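Note sheet for the following structure.
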Amino acid sequence: MELVDKTDEIVSLSFDLLLETAVLTLSETAQRCFDDDRLTDHGLVVSSIFGSDVPVGFRRFRFVLFNNSNQAQLLGSGAVVHCFIPVRDEPPIRSSPLRLERVLPLDDAGSIRDSLRVNNELVIDPSAPTSTPTATPTATATATATATATSSRTPTATATTTPTATPSITPTPTPSDTATPSDTPTQTPSPTNTQIPCEGDCDGNGLVSIAELVRIVRIGLGEAAVEQCAAADRNADGVVSIAELIAAVNRSLTGCPPNVP
């Protein structure tokens, strides 16, 4: 995937890639995509996104390419992401669409720049070599008979008692019990649901802006205190992880759920 930076200002990048399931084996896509070797100060996170907006026959993958150093490194023009995804054993011999959506190239200030260019189709080469599966021997378990000792029954002597006459006792009338009033049940107050803030919504306005994403990235790099956006620290451990950064990016694209601050 190639980026053409006409402004020479792009520092980070987020985009969605839709791939056709009939053509590619997509079970390990996140492990088969890497940022380009020239991007020494960047990190790449790839996650599978599910939702009603995914077309039938496709899977959506979200790529987040972020600056991973104290100093902003420009992405520059050239290749930014490489994916080595295996083709299915019998793919259709035709071109397959490579759909790119929700592109967010960001500069150091968090502003969006429109300067991304990619190839618009994936061509399957029928003459390309295919991998040959290797059979793996399977061990067969053998059952082993185990002898079990059986104890013989030993007769047990039983003592017989002779009943003895017991004088009868005339019961003495006992005054009836006085009814005790039942305790009045104590009402327990219902617990109050604690609302969880929307991931990455630093100011609580129901939206995750680009400026807030930049702030969250700087918190993750240790350049800013986590108190500047407590909503990004979902597990309240004092740091912003890669998973929490992805959650904030997703909220910036899809919005916060209703009634969530």
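What you are looking at is a predicted structure, and each value in this text was computed from that prediction instead of being measured.
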*Looking at Ala248 and Val208, what are the two nearest heavy atoms and their distance?*
O-CG1, 3.7 Å
Please tabulate, for the side chains in residues 44-54, all donor-acceptor contacts under 3.5 angstrom to protein atoms that are two or more places apart in sequence or on a different chain.
| residue | atom | partner | partner atom | Å |
| --- | --- | --- | --- | --- |
| Ser48 | OG | Arg59 | NH2 | 2.8 |
| Asp53 | OD2 | Arg60 | NH2 | 3.4 |
| Asp53 | OD2 | Arg102 | NH2 | 2.7 |

_Residue pairs, two or more places apart or on separate chains, that pass disulfide bond (SG atoms under 2.5 Å apart) and touch residues 39-71_ = none
*Is there side-chain contact between Val23 and Pro92, with heavy atoms separated by less than 4.5 Å?*
yes
*asked:* Please find the pair of heavy atoms, one from Cys198 and one from Ala231, that lie closest to each other, and give the distance.
replied: O-CB, 3.6 Å
*Asp107: what forms a salt bridge (Lys or Arg N to Asp or Glu O under 4.0 Å) with it, not counting sequence neighbours?*
Arg113
*Should Glu101 and Arg99 count as an ion pair when the cut-off is N to O under 4.0 Å?*
yes
*Only pairs at least two apart or in different chains count here, so list each disulfide bond (SG atoms under 2.5 Å apart) that has a residue in residues 37-70.*
none
*For the pair Asp201 (side chain) and Gly206 (backbone), establish whether a donor and an acceptor sit closer than 3.5 Å, ignoring hydrogens and angles.*
yes
*asked:* Pair Ile216, Leu245 - check side-chain contact (heavy atoms from CB on, under 4.5 Å), show working.
replied: CA-CA 7 Å; Ile216 294 168; Leu245 172 61; 4.1 Å; yes
_Is there a continuous path of hydrophobic side-chain contacts, each under 4.5 Å between heavy atoms, that joins Val64 to Leu18?_
no
Could you give the side-chain donor-acceptor pairs of residues 72-80 under 3.5 Å, partners two or more places apart or in another chain?
| residue | atom | partner | partner atom | Å |
| --- | --- | --- | --- | --- |
| Gln73 | OE1 | Asp41 | N | 3.2 |
| Gln73 | OE1 | His42 | ND1 | 2.8 |
| Ser77 | OG | Asp5 | N | 3.0 |

*Exercise: identify the closest heavy-atom pair between Ala232 and Val240*: CB-CG2, 4.1 Å
*asked:* Quick one, Phe34 with Val81, criterion side-chain contact (heavy atoms from CB on, under 4.5 Å). Give me CA distance, side-chain angles, the key distance, then yes/no.
replied: CA-CA 6 Å; Phe34 311 91; Val81 175; over 6 Å; no
*What's the spacing between Phe58 CZ and Thr21 OG1 if we round to 0.5 Å?*
8.0 Å
_For a side-chain contact (heavy atoms from CB on, under 4.5 Å) check, start with the C-alpha distance between Glu244 and Asp233, then their side-chain angles and the critical distance, and finish with the verdict._
CA-CA 7 Å; Glu244 290 169 331; Asp233 184 15; 3.4 Å; yes
*When rounded to the nearest 0.5 angstrom, what is the spacing between CG in Leu104 and CG in Leu65?*
12.5 Å
*Rounded to the nearest 0.5 Å, how far apart are OG of Ser14 and CG of Leu106?*
7.5 Å
_pair Val239-Val226: side-chain heavy atoms closer than 4.5 Å_ = no
*Could you tell me which residues satisfy ring-ring contact (aromatic ring centres under 6.0 Å, His included) with Phe61, sequence neighbours excluded, listed by chain and number?*
none
*Validation row: Ser241, Arg234 side chains within 4.5 angstrom (heavy atoms)*: no
*Check whether any side-chain N or O of Glu199 sits under 3.5 Å from a backbone N or O of Val249 as a donor-acceptor pair, and report yes or no.*
no
*Does the side chain of Ile219 come within less than 4.5 Å of Cys229's, by heavy atoms?*
yes
*Does Asn250 have any side-chain hydrogen bond (donor to acceptor under 3.5 Å, both in side chains) partners at least two apart in sequence or in another chain, and if so, which?*
Arg62
_By side-chain hydrogen bond (donor to acceptor under 3.5 Å, both in side chains) - contacts of Asn235 (at least two apart)_ = Asp237
_Transitive ILVMFWY cluster of Val56, excluding itself - 4.5 Å side-chain cut-off_ = none
_Please tell me whether Phe15 and Val11 are part of a single hydrophobic cluster in this structure, the criterion being side-chain heavy atoms less than 4.5 Å apart._
no
*Contact list for residues 65-84, test ring pair (Phe, Tyr, Trp, His ring centres under 6.0 Å), sequence neighbours left out*: none
*With sequence neighbours left out, write down each residue that passes salt bridge (Lys or Arg N to Asp or Glu O under 4.0 Å) with Asp35, or none if nothing qualifies.*
none
*How many angstroms lie between atom CG of Leu39 and atom CG of Leu13, to the nearest 0.5 angstrom?*
10.0 Å
*Pairs flagged by disulfide bond (SG atoms under 2.5 Å apart) wherever residues 1-84 is involved - sequence neighbours left out*: Cys33-Cys83
_For the CD atom on Glu90, are there more than 12 heavy atoms of other groups (residues, nucleotides or ligands in this structure) within a distance under 6.0 Å?_
no
*Measure from the side-chain N and O atoms of Glu20 to the backbone N and O of Ser96, and report whether any donor-acceptor pair falls under 3.5 Å.*
no
*Please assess Asp203 against Arg215 for the test salt bridge (charged side-chain N to carboxylate O under 4.0 Å, His left out), listing each intermediate value before the final yes or no.*
CA-CA 12 Å; Asp203 55 10; Arg215 186 188 310 175; over 6 Å; no
*asked:* Between Val217 and Leu253, is there shared hydrophobic-cluster membership here, with clusters defined by ILVMFWY side-chain heavy atoms closer than 4.5 Å?
replied: yes
*Path from Leu19 to Phe63 over hydrophobic side-chain contacts below 4.5 Å*: yes
